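Here's the structure, in structure tokens; my notes come after.
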Amino acid sequence: MGATESKTDRFWLKNYPAGVPADVDISQYKSLLQLLDEAFKKYSQKPAYSCMGATMTYRELDANSAAIGAWLQSKGLGKGKRVAIMMPNVLQYPAVLAGVLRAGCTVVNVNPLYTPRELEHQLKDSGADAIFILENFATTLQQVLDKVPTKLVVVCTMGDLLGFAKGLLVNFVVRNVKKMVPEFSLPNTHKFLDVLSDGLKMNLKPVDLAQNDVAFLQYTGGTTGVSKGATLLHKNIIANMLQSEAWYQPAMKKLKPGEQVLFIVPLPLYHIFALTVCAMLSMRLGGHCVLIPNPRDIPGFVKELGKYKFNVFPAVNTLFNALLNNEDFRKLDFSRLILSAGGGMAVQEAVAKRWLEATGCPICEGYGLSETSPVATANRTDTDKFTGTIGLPVPSTDIAILDDDGKHLPLGSTGEIAIRGPQVMAGYWQRDDETAKVMTADGFFRSGDIGIMDENGFTKIVDRKKDMILVSGFNVYPNEIEGVVAGHPGVLECAAVGVPDDYAGEAVKLFVVKKDPALTERDIMEYCKEQLTGYKKPKYVEFRSDLPKTNVGKILRRELRDEKKAA
């Protein structure tokens, strides 16, 4: 071990749950293709994915993805080429995902809610040769197609893989009743079902992929400026899938013999959390994923949940909270729920407490980023204690707390959380300058999050570097304020931002969505007075009917801050 590595002697291993190894062996798969082949052979009869009442078995997923891969190869797309996927959670997604990888290509995940400007940037930046897109979002592509390198376009419909009669009905409703497909004109495009039918007549050529080949370009949300592509290699995803599996062992032991693990997937598969923890881990375990195309439709979501005895439920704090506020949700059967995984944003104690009361299953909060495939730390899955931290480093992972110069700080110091392990990206796509800013000489990725690690190895995030509010020289962290205010029984959601202030430099402004219509500004101020020291108290409170969020449900403080600047 080098001198720099001795500073993270992994003292936290003594606090690992029984049965969780210190390291994972990533050499067991040469590439993700080996993982896919193994799953298709081992679990061929089992259901792999269900959505809107239709189910695709592992055998069908094998056939569909081989057809898509062969079709891409017939168009000259193979190793080194990039293929974009712009779809919500529908059955085509896993088929295209596996097909792109099996062709030897790199997957470029695209948020379907992107604006034309954001889509143009991502297609240009990634150099995507092809795109699979749901027709609902085709109008966005139409506006930028002549400005991007993407020449091969495959258009999917909601009903494509739901069976002939149901597919027709769903497409009719989506287009004509719900009016969810804006008019578009994309000449020379291919229909998904035609691609499938043509590909089924072709043979998929074997591709020689290794761990260091690029599997995904996973674009960061752009919350730090321009959206950058995190270059994730096959080994990064393999590592994180195995790390997640190892970490979840204590929970997975609660499965009955022969019980197929059932994942509920409300988070979009184009998001790295669901991609690794649901799609890839499910492949490894021979699991069954139930895809939820629109988790914002809470009544529809709850109705779907009622059809299954589910085991694994990943979500973000806002979604846990929204479900808990639905009467029918609390009547569901949670008897087989063994793992609730929280990520994407801080899980608030009030929400964690109510979730445990409602479901009997604690939320295991983890932490990570697109750049770390994503899981870097997680709380133990063998306890229902809420720690208020992001947990311990997962196997094969080092966490360090660094100062502004990149020096390792002693335990108990506040600094930037840095991550080292086999799940850390190769760098930002074609951005050596940006990569150099975040990677240290000893291999740590600087997260941009400010945290503090205790003597047991648990890390607490105090905030994003740039979200910090400076009030009269005091550092104020929005997470702390939001955590306190969210505990008020009359508050549904809240966000804290810094606004310019003549007296203090910056002041705290709080945006609140009410749960109790009678809630007043004075109620909030009194509550904060009891809970927060003087300089942390909000100076302003604004009530809103909702808060701006990413498609994954993370509250966008930046948008609230920018509104103030524009005003």
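Note that this is a predicted model, so its numbers are computed, not measured.
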Distance, nearest 0.5 Å, that separates [atom1] of [X] from [atom2] of [Y]:
{"X": "Leu35", "Y": "Ile238", "atom1": "CG", "atom2": "CD1", "answer": "7.5 Å"}
{"X": "Ile85", "Y": "Ile131", "atom1": "CD1", "atom2": "CD1", "answer": "9.5 Å"}
{"X": "Leu337", "Y": "Thr359", "atom1": "CG", "atom2": "OG1", "answer": "5.5 Å"}
{"X": "Cys289", "Y": "Leu91", "atom1": "SG", "atom2": "CG", "answer": "11.0 Å"}
{"X": "Thr231", "Y": "Asn236", "atom1": "OG1", "atom2": "CG", "answer": "9.0 Å"}
{"X": "Leu262", "Y": "Asn311", "atom1": "CG", "atom2": "CG", "answer": "6.0 Å"}

Problem - Lys46 NZ/CZ over Tyr58 ring centroid, <6.0 Å and within 45° of normal - result: no

Any side-chain donor near an acceptor of the partner, [X] and [Y], under 3.5 Å:
{"X": "Ser227", "Y": "Gln122", "answer": "no"}
{"X": "Tyr29", "Y": "Gln211", "answer": "no"}
{"X": "Gln430", "Y": "Asp125", "answer": "no"}
{"X": "Ser396", "Y": "Asp23", "answer": "yes"}
{"X": "Thr397", "Y": "Gln423", "answer": "yes"}
{"X": "Ser31", "Y": "Gln34", "answer": "no"}
{"X": "Asn551", "Y": "Tyr270", "answer": "yes"}
{"X": "Tyr219", "Y": "Asn111", "answer": "no"}
{"X": "Asn240", "Y": "Thr276", "answer": "no"}
{"X": "Asp160", "Y": "Thr157", "answer": "yes"}

Report yes or no: does [X] contribute a side-chain atom to a donor-acceptor pair with the main-chain N or O of [Y] at less than 3.5 Å?
{"X": "Lys179", "Y": "Asn176", "answer": "yes"}
{"X": "Asn171", "Y": "Gly159", "answer": "yes"}
{"X": "Ser282", "Y": "Ala279", "answer": "no"}
{"X": "Glu135", "Y": "Cys156", "answer": "no"}
{"X": "Ser370", "Y": "Thr220", "answer": "no"}
{"X": "Thr150", "Y": "Ala128", "answer": "yes"}
{"X": "Tyr43", "Y": "Glu38", "answer": "no"}

[X] and [Y] ion-paired at < 4.0 Å:
{"X": "Lys79", "Y": "Asp213", "value": "yes"}
{"X": "Glu304", "Y": "Lys307", "value": "yes"}
{"X": "Glu120", "Y": "Arg117", "value": "no"}

Side-chain heavy atoms of [X] within contact of [Y], under 4.5 Å:
{"X": "Leu196", "Y": "Leu161", "value": "yes"}
{"X": "Gln218", "Y": "Ile237", "value": "no"}
{"X": "Asn136", "Y": "Pro112", "value": "no"}
{"X": "Val170", "Y": "Met52", "value": "yes"}
{"X": "Tyr308", "Y": "Ser50", "value": "yes"}
{"X": "Lys256", "Y": "Arg336", "value": "yes"}
{"X": "Ile292", "Y": "Val265", "value": "no"}
{"X": "Val173", "Y": "Lys178", "value": "yes"}

Practice task
Carefully, step by step, assess Thr139 and Gln142 under the rule side-chain hydrogen bond (donor to acceptor under 3.5 Å, both in side chains).
Solution key: CA-CA 5 Å; Thr139 181; Gln142 180 187 335; 4.6 Å; no

Fill in the blank from the handout: So the ring pair (Phe, Tyr, Trp, His ring centres under 6.0 Å) pairs with at least one residue in residues 144-176 (sequence neighbours excluded) are none

Fill in the blank from the handout: ring pair (Phe, Tyr, Trp, His ring centres under 6.0 Å) pairs touching residues 235-260, sequence neighbours excluded, are Tyr16-Trp247

Nearest heavy-atom pair of [X] and [Y]: which atoms, and what distance?
{"X": "Cys51", "Y": "Asn89", "result": "SG-O, 3.6 Å"}
{"X": "Thr377", "Y": "Ile390", "result": "OG1-O, 2.8 Å"}
{"X": "Asp297", "Y": "Gly300", "result": "OD1-N, 3.0 Å"}
{"X": "Ala84", "Y": "Val110", "result": "CB-CG2, 3.9 Å"}
{"X": "Ile399", "Y": "Pro393", "result": "CG1-CG, 3.5 Å"}
{"X": "Ile298", "Y": "Ala322", "result": "CD1-CB, 3.8 Å"}

Just checking [X]: does its [atom1] atom have more than 12 heavy atoms from other residues, nucleotides or ligands closer to it than 6.0 angstrom?
{"X": "Asn188", "atom1": "CG", "answer": "no"}
{"X": "Lys309", "atom1": "NZ", "answer": "no"}
{"X": "Lys253", "atom1": "NZ", "answer": "yes"}

Show me the donor-acceptor pairs within less than 3.5 Å that the side chains of residues 96-104 make with the rest of the protein, sequence neighbours left out.
| residue | atom | partner | partner atom | Å |
| --- | --- | --- | --- | --- |
| Arg102 | NH1 | Asp62 | O | 2.9 |
| Arg102 | NH1 | Asp62 | OD1 | 2.9 |
| Arg102 | NH1 | Ser65 | OG | 2.8 |
| Arg102 | NH2 | Asp62 | OD1 | 3.1 |

Exercise for the section: May I ask you to check whether Trp355 and Phe313 place their ring centres under 6.0 Å from each other? Expected result: yes

